[in-house]
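Protein chains get the first letters and strands the later ones, always in sequence-line order, with residue 1 at the start of each.
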Amino acid sequence: MLFGYEWDTSHGELAFAISILPMLLRGLVVTIQASLLGFFVAMVLGLLLAVLKSAPSRLVSWPAAFVTEFIRDTPLLVQLFFLYYVLPDYGIVLPAFLTGALALGIQYSAYTSEVYRAGIDAVERGQHEAAKALDLPPRRTFTHVVLPQAVPRVIPALGNYLVSIMKDVPVLSVVTVLEMLNVAKIIGDQTFNYLVPLSMVGGLYLIMTLVASALVRYLDVRLPKRGIPLR
Amino acid sequence: MSEPIIVFDKVAKAYGNFVVIDQLDFKVERGEKVTIIGPSGSGKSTVLRILMTLEKISDGVVYVGGEPLWHEKKNGGLAPAGEAHLRKMRSQLGMVFQQFNLFPHMTVLRNLTEAPRVVLGLSAADAKARAEELLELVGLTEHAHKFPNQLSGGQQQRVGIARALAMRPKVMLFDEPTSALDPELVGEVLTVIRRLASEHDLTMLMVTHEMRFAREISDRVCFFDKGRIREEGTPEEIFGNPKEERTRQFLSAVLDGA
């Protein structure tokens with residue numbers, strides 16, 4: 001029994017599969033929640049890192065570049081263990097789910113920051129020159145000229161990271177998060193049938209990532225090509 | 001005559017060993033319409049880009065309205081200018097770019113109101129009124145709510161001119177304003193510039209390859225070669241009776257090609 005549902009082990013594989021589907025779907029919901037929260041953190045933190053990395057002062061840009069490199073070159077699992085087991089020693093106790101989503105977000109912010117930076121660098125020099133000729137302050141230029149043009153161009157690339165994050169969520173099972181793979185493993189442990197739950201996890205993953213990819217493609221088509229319109 | 005609005009005093013600009021502007025002395029009087037012609041790579045555009053503070057100088061002093069542009073007076077001497085000084089100086093100049101450089105994600109109206117509102121602190125209504133006046137001047141009133149990519153190149157450049165004018169500059173810099181345009185769209189842009197040239201207060205400095213147009217609107221034409229002024233004079237002198245062999249060569253090459 002899991003989440004109040006009973007598994008049916010006595011009427012064949014199909015009945016078993018149907019009986020455990022609600023449990024796996026509960027796990028799937030957790031997986032999606034962790035993915036979305038992690039993706040949100042990666043989008044926001046990545047943008048922040050990108051901005052810091054392109055700061056004119058090296059006092060700002062170098063530490064930001066170092067942090068990015070450090071995050072990117074250490075395994076997600078190490079970061080996750082660190083957040084989960086070390087932070088409580090310093091009085092910061094977060095629930096497992098939150099810790100996991102945060103670790104995903106931090107890991108992926110290193111990647112998204114590079115994507116943002118590519119987008120920011122791709123805004124033509126003429127745009128900066130026009131803004132300067134009009135005497136627009138640098139900050140206003142960044143927020144109202146550069147970013148509205150940079151962000152739409154990188155959304156497809158960012159979206160691909162959403163799919164990657166989804167596939168990394170099972171790592172969170174090591175800190176007891178009941179995401180879909182963890183649920184399947186518990187079912188297997190209890191019923192000695194691993195084939196059915198794990199196959200179903202694979203199938204559900206495929207559906208989820210296909211939907212996410214389609215969503216990203218749809219966004220790409222619908223996005224304004226010339227930047228976020230400012231009326 | 002009052003003091004010139006623009007003065008280049010022995011100005012040099014070099015990238016490493018490559019000299020773009022070579023010990024240039026150059027003056028523009030208030031209200032004067034000056035055209036710079038010359039072969040590509042002669043430093044014509046660099047003169048404008050230095051004035052718009054897009055390009056630093058390597059040596060010498062540039063004055064705009066009697067004040068040094070790239071320097072600040074400090075303890076009786078001249079020190080490199082800080083951002084605040086550059087911003088103050090920049091407000092006297094407006095620039096029209098070869099590639100228009102309109103903000104593609106803003107409507108025509110927003111392109112014209114953004115800087116007046118943010119930089120000059122105009123209210124939304126005042127900025128809009130000013131923008132509409134300028135759109136009328138460049139003949140684009142009905143296009144105010146379109147985005148730049150919905151306009152032809154000629155229309156975009158007219159927006160570019162209006163956008164620069166919205167800041168009420170004393171000096172307008174035109175950097176090959178018609179070079180990126182299809183031939184049949186050049187006329188409409190020149191018509192707008194011609195209209196501006198009839199305003200006596202506005203100082204205009206233009207780099208162009210439109211020789212006939214330069215002859216028509218300029219008070220003075222400067223022929224640039226290798227980072228210096230090789231020859232300057234009234235349009236009649238330069239086009240009618242150039243003294244320098246190099247000027248004659250250039251003009252015959254350009255005019256034959258046309």
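- Most heavy-atom pairs under 4.5 Å with chain A: of the set B:Met52, B:Met95, B:Gln98, this distinction falls to B:Met52.
- B:Arg49 touches chain A through its side chain: at least one heavy atom from C-beta onward sits under 4.5 Å away, while N, CA, C and O do not.
- Counting all heavy atoms, side chain and backbone alike, A:Leu136 lies closest to B:Ala115 at CD2-CA, 3.9 Å.
- In A:Lys132, the NZ atom is crowded: over 12 heavy atoms of neighbouring residues, nucleotides or ligands sit closer than 6.0 Å.
- When each of A:Ala131, A:Pro148, A:Pro137 is scored by its heavy-atom pairs under 4.5 Å with chain B, the top score falls to A:Pro137.
- Contacts of B:Phe103 with chain A are made by both backbone and side-chain atoms, with heavy-atom separations under 4.5 Å.
- Using a 4.5 Å cut-off between heavy atoms, B:Leu120 does not touch chain A at all.
- For a residue to count as touching a neighbouring chain, one of its non-hydrogen atoms must lie under 4.5 Å from one of that chain's; by this rule A:Gln149 touches chain B with the side chain only.
- Of the atoms belonging to A:Pro138, not a single heavy atom falls under 4.5 Å from chain B.
- With A:Asp135 contributing its side chain and B:Arg90 its backbone, the two residues share no donor-acceptor pair below 3.5 Å.
- Closest approach of A:Leu134 and B:Arg163 over heavy atoms only: CD1-CD, 3.6 Å.
- Within 6.0 Å of atom CZ in A:Phe3, more than 12 heavy atoms from other residues, nucleotides or ligands are found, so the atom counts as buried in its surroundings.
- The two residues A:Val145 and B:Met106 come nearest to each other via the heavy atoms CG2-CE, 4.4 Å.
- Pairing each heavy atom of B:Phe97 with each of A:Ala133, the nearest pair is CZ-CB, 4.0 Å.
- By a heavy-atom distance cut of under 4.5 Å, B:Thr53, B:Leu54 are the residues of residues 53-65 of chain B near chain A, going up by number.
- With chain B as partner, the option from A:Arg125, A:His144, A:Glu129 having the largest number of non-hydrogen pairs under 4.5 angstrom is A:Glu129.
- Around the CG atom of A:Asp89, the shell of radius 6.0 Å holds more than 12 heavy atoms that belong to other residues, nucleotides or ligands.
- Residue B:Gln150 places its CD atom among more than 12 non-hydrogen atoms of other residues, nucleotides or ligands, all under 6.0 Å distant.
- By the neighbour-count criterion of 12 heavy atoms within 6.0 Å, atom CZ of B:Arg117 is sparsely surrounded, having that number or fewer from other residues, nucleotides or ligands.
- With a 4.5 Å cut-off on non-hydrogen atoms, B:Leu93 touches chain A through its backbone but not through its side chain.
- Counting non-hydrogen atoms of neighbouring residues, nucleotides and ligands closer than 6.0 angstrom, the CZ atom of A:Phe66 reaches no more than 12 such neighbours.
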